[in-house]
Amino acid sequence: MNFREFSPTQPVILGFDPGRDKCGLAVMGLDRQLYYHQVVLAKEAIATIETLRKRFPISLMVMGDQTTAKQWREKLYQELTEPLSIILVDERYTTLEARDRYWQMFPPKGLIKLLPQGLRQPPRPIDDIVAILLIERYLNRLTESAVKSEE
């Protein structure tokens, strides 16, 4: 688990990259401060979300809109103890972006450093980094619409 010190004064967003076998989760503040990210087994996702909701003031969930999104949305509505607003975000190309972001967050060491970035494969699943990117896409969309309304 990857936790950062948390100040509960501000609502946070839960990023969720749903999958059949594993899911990525991330918690980020509106100021883009990252408080948590982890890859969990799909069968543990709901319990982990419930635990995160006890620890953080989660205001909404941002979820990828591809493969298993529809089934997961239904499952979340049925199984979460309290309803949570879910916003779907376009997740096209997030896996490629997540691979690049992984190496920014965890710079390569040793011989891996010598490989061109396009040939490097992260040594672990990166679904949690996809969840981070989904939150960022949502926040970027909010920022863009705020700027447009000011013009």
**Report entry** Criterion side-chain contact (heavy atoms from CB on, under 4.5 Å) against Ile49, the qualifying member of Val40, Thr81, Leu80
**Finding:** Leu80

**Report entry** side chain to side chain contact (heavy atoms under 4.5 Å, CB included) between Ile135 and His37, intermediate numbers included
**Finding:** CA-CA 12 Å; Ile135 297 171; His37 62 98; over 6 Å; no

Query raised in the report: Considering residues, nucleotides and ligands other than Asp31, do more than 12 of their heavy atoms fall under 6.0 Å from its CG?
Result: yes

Requested in this report: Kindly give the heavy-atom pair with the smallest separation between Ala69 and Met63, and that separation in Å.
Outcome: O-CE, 3.4 Å

Query raised in the report: Judged by modelled atom types alone, do Tyr36 and Gln38 share a side-chain donor-acceptor pair under 3.5 Å?
Result: yes

Report summary line: Val12 and Gly29 have their tightest heavy-atom pair at CG1-CA, 3.9 Å

Report summary line: Distance col, row Asp128:CG vs Leu25:CG, nearest 0.5 angstrom, shows 8.5 Å

**Report entry** Close side-chain approach of Ile132 and Met28, heavy atoms under 4.5 Å
**Finding:** yes

Requested in this report: Could you tell me whether a side-chain N or O of Arg20 sits under 3.5 Å from a main-chain N or O of Thr68, the two making a donor and an acceptor?
Outcome: no

Requested in this report: Indicate yes or no for a side-chain donor-acceptor contact from Glu91 to the backbone of Asp65 under 3.5 Å, with no hydrogens or angles considered.
Outcome: yes

Query raised in the report: Quick check: are there more than 12 heavy atoms from other residues, nucleotides or ligands sitting under 6.0 Å from CG of Leu111?
Result: no

Query raised in the report: Which atom names give the shortest non-hydrogen contact between Ile58 and Leu84, and what distance separates them?
Result: CG2-CD1, 4.1 Å

Query raised in the report: Which pairs count as ring-ring contact (aromatic ring centres under 6.0 Å, His included) when at least one residue sits in residues 59-98, sequence neighbours excluded?
Result: Phe16-Trp72

Requested in this report: May I ask you to decide whether Glu97 forms a salt bridge with Arg137, counting only side-chain N to carboxylate O separations under 4.0 Å?
Outcome: yes

Requested in this report: Salt-bridge test for Glu136 and Arg101: reply yes if a basic N is under 4.0 Å from a carboxylate O, no otherwise.
Outcome: yes

